[in-house]
Amino acid sequence: MLDFALHQTPQTKTWRFLRPFSSDSTDPNDQVAVLVQNIIYFRRQKSTDEIEQALDRSGFELTEELVLNVLRRHRSDWKPAYVFFNWVCKRSGYSPGSGPYNEIIDILGKMRRFEEVDQVFDEMSKRNGLVNEVTYGILLNRYAAAHKVEEAIDVFKRRKEFGLEVDDLVPFQTLLLWICRYKHVELAENLFYSYCNKRNGLFIHSDIKTWNIILNGWCVRGNVHEAKRFWNDIIASGCRPDLFTCGTFINALTKKGKLGTALRLFRAMWGYKGCNPDVAICNCIINALCFKKRIPQALQVFREMSERGCQPNVATYNTLIKYLCRIQRMEKVYEILDEMEQKRGNCLPNHVTYSFLLKSLKRPEEVPALLERMERSGCGMIGDMYNLMLKLYMDWDCQERVRHTWNEMERNGLGPDQQSYTIMVHGYCEKGRREDALRYFRQMKSKGMRLEPRTEILVNSLDVNFDGKKGA
């Protein structure tokens, strides 16, 4: 293996650590792994030879579990991981298996150290049976993430050389999946069609999962024009779309405002054997209709889905409550809330539900009753709910309730956080209470919290001198 001196290049002269490592674990592997971390930590500016000599003197026994433990502790710091792995490979009496090789390849690939990746993989390939499907997936992921698409394709083409199955469709789908994930959808589509024309092309051509990967790639890119073209290719191929195909396309259409086309496909699905819309697709349509202010039609879809055997979930109800609250259809909102509580299970109201309801309130006197109902339904308070209440009470200028909420949040260990202080600073500034705003700002600063840009502009606009305001 290639030796690596930490002090040889400008990039490696400032290999910094914050502190030595410790562990309260009683697991011997954890304790030895921490020892290795500290051996490297205290010699971070020494040569590789000196680090390896220190590891030699430590006298611990190498096992697969220990090697993996050490490598995983350096997932975001490739240099010590690579030095340790190279030292392991030189030791007699132990030879790393697939796990450590896969781990170091993933660490190096994550940090775009592809020269080192190639060296490790070449060593791995020389040993029969080490390269496995996990190795294959890691290489595709890391090459595709770095936009080294040709290298990813080359790994796929060399599967037989590595002793991996070559007639299975899954590895080809994995290749397409990673290429599409990193936005090279056109290349993935060309690769797909090129393999359709080969001897096993019929197998690929008739598999809807493979088509779905490309369709989803175009949809994630937000390119509805290409997605629609590819959808037509699927239909023309005679390959039967499945639930994922339809759901992916409907979601892309609604996001681009093509609601008419999405609705036509949605309606057609109900009569398509084995492809009735699921709750996720129904939720997508309901949300799109509500967004377009077509709430009566959304309620109709809501009724129809239940009648057709597709049961709503909490996300379905939350979408309706969100938009009904906006138009102040509160009688209908609480009718839906009653239904959620009656159905229970995955329909029980959650924090999202109650946040919409809180925002719809007009007076502070209405809050306690809603919070009691929230508690009865088993939905406890969280930090975001306290922040919402702070914002509401501040807007209503109900200072007693602001203080009460702040104190309760502190007692329950749910804040205050950056958002809490931001609400207080902005709220008091809007009410002209500059001293109160600055008091919370100073507390925020003393806790090391960073200001949002809008808050920094607001604080800087106050004609008050305070130390270090520019660096907050």
Side-chain angles (χ1 to χ4, degrees), residues 137 140-141 144 149 152-153 156-157 165-289 301 304-305 308-310:
L140 293 191
N141 178 15
V149 179
I153 295 172
F156 169 72
K157 290 178 178 178
E165 179 64 49
V166 293
D167 293 326
D168 190 0
L169 184 55
V170 173
F172 181 65
Q173 292 173 337
T174 305
L175 173 65
L176 296 180
L177 191 68
W178 286 119
I179 294 175
C180 286
R181 178 170 180 175
Y182 294 104
K183 314 302 183 186
H184 298 280
V185 186
E186 185 175 1
L187 194 152
E189 183 178 339
N190 291 336
L191 192 63
F192 167 73
Y193 280 125
S194 71
Y195 272 79
C196 282
N197 295 327
K198 294 189 175 182
R199 62 180 179 84
N200 58 349
L202 183 61
F203 184 35
I204 297 173
H205 198 267
S206 62
D207 185 84
I208 190 59
K209 290 182 180 179
T210 316
W211 289 91
N212 286 347
I213 292 168
I214 309 299
L215 178 67
N216 185 64
W218 286 123
C219 291
V220 170
R221 286 284 302 271
N223 194 329
V224 174
H225 175 76
E226 291 297 332
K228 186 174 182 181
R229 174 191 58 76
F230 195 75
W231 168 272
N232 291 333
D233 286 353
I234 295 173
I235 302 303
S237 74
C239 193
R240 182 186 176 92
D242 63 7
L243 197 63
F244 184 87
T245 323
C246 298
T248 298
F249 194 37
I250 284 173
N251 185 49
L253 289 167
T254 57
K255 283 182 177 178
K256 287 295 182 179
K258 309 288 185 182
L259 185 52
T261 306
L263 279 169
R264 286 193 294 274
L265 176 56
F266 175 73
R267 298 293 183 196
M269 287 179 70
W270 287 114
Y272 198 61
K273 186 177 179 182
C275 204
N276 284 344
D278 61 7
V279 66
I281 294 174
C282 291
N283 289 350
C284 179
I285 290 293
I286 288 171
N287 184 71
L289 287 167
V301 171
E304 286 177 359
M305 65 183 285
R308 292 174 181 266
C310 180

_Flag for N190-Y195: side-chain donor and acceptor within less than 3.5 Å_ =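 No.
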- Query: Does CD belonging to E186 count more than 12 external heavy atoms closer than 6.0 Å?
  - Reply: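 Counting other residues, nucleotides and ligands, CD of E186 stays at 12 neighbours or fewer.
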message = Set out, in order, the CA-CA distance, both residues' side-chain angles and the distance that settles side-chain contact (heavy atoms from CB on, under 4.5 Å) for I153 and L187, then state yes or no.
response = CA-CA 11 Å; I153 295 172; L187 194 152; 3.8 Å; yes
Next on the checklist: Counting C-beta onward and ignoring hydrogens, is there a side-chain heavy-atom pair between N251 and C219 closer than 4.5 Å?
Outcome noted: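 No; the side chains remain at least 4.5 Å from each other.
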(Q) Check the orientation of W211 and Y193. Use parallel for under 30°, tilted for 30 to 60°, and perpendicular for over 60°. (A)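 Perpendicular: the ring planes of W211 and Y193 meet at over 60°.
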I need the minimum non-hydrogen distance between N276 and M269, along with the two atoms involved.
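Nearest pair, atom of N276 first, then M269: OD1-O, 3.4 Å.
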Side chain proximity check, L177 to L140, heavy atoms < 4.5 angstrom =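 No - every pair of side-chain heavy atoms lies 4.5 Å or more apart.
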| task | May I ask you to test the F244-L215 pair for a side-chain heavy-atom distance under 4.5 Å? | result |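 Counting from C-beta outward, F244 and L215 never come under 4.5 Å.
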Can you check whether V220 reaches C180 side chain to side chain, under 4.5 Å on heavy atoms?
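Sidechains of C180 and V220: no contact.
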Note to self: Checking C246 against F266 for the side-chain contact (heavy atoms from CB on, under 4.5 Å) test, could you report, in this order, the C-alpha distance in whole Å, the side-chain angles of both residues, the deciding distance, and whether it holds?
What the structure shows: CA-CA 8 Å; C246 298; F266 175 73; over 6 Å; no
Exercise for review: Let me see the working for T254 and K258 under side-chain contact (heavy atoms from CB on, under 4.5 Å), right down to the final yes or no.
Suggested key: CA-CA 5 Å; T254 57; K258 309 288 185 182; over 6 Å; no
Between L243 and P277, which heavy-atom pair has the shortest distance, and what is it?
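Closest pair (atom of L243, atom of P277, distance): CD1-CA, 4.2 Å.
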Decide yes or no on side-chain contact (heavy atoms from CB on, under 4.5 Å) for D233 and I214, but give the supporting numbers first. CA-CA 11 Å; D233 286 353; I214 309 299; over 6 Å; no
Q.
On a heavy-atom basis, which atom in Q173 and which in K209 lie closest, and how many Å separate them?
A.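 So the minimum-distance heavy-atom pair works out to NE2-CB, 3.7 Å.
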Does the side chain of L253 come within less than 4.5 Å of L259's, by heavy atoms?
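They are not in side-chain contact.
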Given W218, which partner from the list E226, H225, E189 fulfils the side chain to side chain donor-acceptor pair (under 3.5 Å) test?
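Only match with W218 under side chain to side chain donor-acceptor pair (under 3.5 Å): E189.
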Practice item. Say whether, by atom type as modelled, one donor and one acceptor occur between the side chain of R308 and the main chain of W270 under 3.5 angstrom. Key: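 Pair absent, no side-chain N/O of R308 close to backbone of W270.
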- So do L289 and V301 actually touch side chain to side chain, heavy atoms under 4.5 Å?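 They are in contact (side-chain heavy atoms under 4.5 Å apart), so the answer is yes.
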**OP:** Kindly say whether the aromatic ring centers of F230 and F249 come within a distance under 6.0 Å.
**Re:**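 No - the distance between ring centres of F230 and F249 does not fall below the 6.0 Å cut-off.
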- Query: Under 4.5 Å between any side-chain heavy atoms of F172 and L191, yes or no?
  - Reply: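 With C-beta onward as the side chain, the pair touches.
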Do the side chains of R240 and I234 get nearer than 4.5 Å, heavy atoms only?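 SC-SC contact between I234 and R240 ruled out.
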